[in-house]
2 protein chains.
Amino acid sequence: MTNPFIMKLCGFAELTDQEVKALELATIKPRALGPRKDLIREGDQPGPVFVMLEGWAFRYKVLPNGSRQVMAFLMPGDACDLHIGMLAAMDHSISTATHAQVATISRETMDELMLTYPGIARAMYIAQLVDEGTLRAWIVSLGRRSSTERAAHLLLELYLRGVRTGVAGEGKMELPLSQLVIADALGMSPVHVNRVLQELRGSGAIELRRGVLRIQNPVALTAFSGFDENYLHRRLRTSN
Amino acid sequence: MTNPFIMKLCGFAELTDQEVKALELATIKPRALGPRKDLIREGDQPGPVFVMLEGWAFRYKVLPNGSRQVMAFLMPGDACDLHIGMLAAMDHSISTATHAQVATISRETMDELMLTYPGIARAMYIAQLVDEGTLRAWIVSLGRRSSTERAAHLLLELYLRGVRTGVAGEGKMELPLSQLVIADALGMSPVHVNRVLQELRGSGAIELRRGVLRIQNPVALTAFSGFDENYLHRRLRTSN
DNA sequence: CGGCTCCTTGACTTTCCTCAACATCAGTGG
DNA sequence: CCACTGATGTTGAGGAAAGTCAAGGAGCCG
């Protein structure tokens, strides 16, 4: 299977062949987007569900003083919020970070998929819960971790999420994010991100160069950043 | 209506009399809890949905180094996550901050309520979306606002949320949170919270004493903190 | 009254930001 | 093939913001 979205949902719930087929059909015609293109802007009325098939995007908000905060990364396999269509207006924007292939599933189609296929509904709910847990984990990082711990935590998170969708493995993943975007996610200045990454590189914990991340010492990195993978919910409730 | 939970849901969707009755019935027997009692702990298997009828609680996580981060406040009218029961384990804990009256609705009852009453389902989904928007707003605050702006933003948020549930009004609300808990929510030290609050008091924007918050100058506070109430979604989509 | 929690203040230290300059790299068009 | 351009990464120096440590004050309750 090459579709990271389906691979991720299969990790969340047992999907029947029919369900997989329906998902394949729904994401069969992605559109190509260049880097730095807004998928949707704050204030817009929410439209279809976006599914990232290739490339990276991020949710962000720009403050009156011009600074920007990234609130979430969307990597291949990620979809955006389920029920967001109920709201009148987006409270943040989503932009691509790289070239991307994005499938769009209309609200109606999505509702129908979830009504028809309980496995899809279940998997989408779980994906949403994990996303929410991820938001909370970011709050913890921003509030109580040092800048170096914070960076280490983010890199580990992205790697583990990548493993789930098949875009990462064997300690390696493509990570085409500029230090500027990482800075806006970690709530720090770009120059400090640079120094912090050097520190992590210097300690031998990671390698990050030319858009490729290598986790050299996962154990040390986990301990140092206080990473607790609970929030990614790799073990799900088996019954019901 | 004295039930802040029902008042809040009514603000999100038009509820029929039947639906209101069903909600009243479901929350008729709250249990009383003292301050600093955990409702549920990280690692526990999720149980019923909790509904705060009186008093305050907060979601939090304690890091290996002993520091604590508060990720959300639950004030009267708030309920905790809808589908959390699908997960095997909580990724954070919830504790009371004050004496509290908490109703518990079993997973089965909640599922049934949402299946039977579309208005309740809709209102609960919207409440969840608003909670999620609130998490993102906290990320923005923690990442990109100065400590004083951050404090101002939090107080304004809590006040506006209180208005929605009827526990705040006319620039005034009960806010029984210690500076220590506020510090853990803002990701700063308690002594700095103290200084920042003094600054806000001194500027005439707020008054906060003995557990009562007064917003003296909402306009200045909004501008200063860069508060954008979008994320509370006071205007909802009317159709569908 | 004693004991607890919470709030307040001052002095010192650390972390991280800002500013500024420069290096590197990929893509573009001549 | 090379010069130009824009985005990105790197380095150093100085300063502002917020943390830590330590001590004392205020309020509340048994």
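Note that the coordinates shown come from a computational prediction; the quantities given were computed from them, not determined experimentally. Lettering follows sequence order; numbering is per chain, from 1.
For the 3.5 Å distance criterion, the side chains of A:W138 and A:E157 qualify, holding a donor opposite an acceptor. Side-chain contact, B:E24 with B:N3: no donor N or O sits under 3.5 Å from an acceptor N or O.
A donor and an acceptor atom never sit less than 3.5 Å apart when one is taken from the side chain of B:R195 and the other from the base of D:dG19.
Between C:dT9 and B:Q198, a contact under 4.0 Å exists linking OP1 or OP2 to a side-chain N or O. Taking 4.0 angstrom as the limit, A:N194 places a side-chain polar atom (N or O) nearer than this to OP1 or OP2 of D:dT10.
Taking every side-chain heavy atom of B:V191 into account, C:dT9 is the closest of C:dC7, D:dG19, C:dT9. Taking the side chain of B:R36 as heavy atoms from C-beta on, and the options C:dC6, D:dC21, D:dA18, the nearest nucleotide is C:dC6. Checked against C:dT18, C:dC6, D:dG19, the side chain of A:S189 finds its nearest nucleotide in C:dT18. With D:dG19, C:dC7, C:dC16 as the choices, the nucleotide that has an atom nearest any side-chain atom of B:Q179 turns out to be C:dC7.
The distance from atom CG of B:L142 to atom C1' of D:dA17 is 16 Å, rounded to the nearest whole Å. The nearest whole Å value for the distance from the CD1 atom in A:I182 to the C1' atom in D:dG9 is 11 Å. Put simply, CD on B:E149 is 17 Å from P on D:dA16, counting in whole angstrom units. Straight-line distance from the CG atom of A:L180 to the P atom of C:dT18: 12 Å, rounded to whole Å. As rounded to whole Å, 10 Å separates atom P of D:dA17 from atom CD of B:E199. Atom CZ of B:R150 is separated from atom C1' of D:dG19 by 12 Å (rounded to the nearest Å). Look at CZ on B:R209: it is 13 Å from C1' on D:dG27, rounded to the nearest Å. The separation between B:M188 atom CE and D:dA17 atom P is 13 Å, rounded to whole Å.
Within the nucleic acid shown, B:G211 has no heavy atom closer than 4.0 Å to any nucleic acid atom. Contacts of A:R201 with the nucleic acid, taken as non-hydrogen atoms under 4.0 Å apart, involve only primed sugar atoms and P, OP1 or OP2.
Taking the six-membered ring where the residue is Trp, B:F73 and B:W56 present perpendicular rings, their angle passing 60° and hence far from 30°.
A:V167 and A:M75 get closest at one heavy-atom pair: CG2-SD, 4.5 Å.
Where A:R210 and A:H192 meet DNA chain C, the nucleotide closest to each residue was compared, and A:H192 sits on the side nearer the 5' end.
A donor-acceptor distance shorter than 3.5 angstrom exists from the side chain of A:T27 to the backbone of A:L23, with no hydrogens or angles considered.
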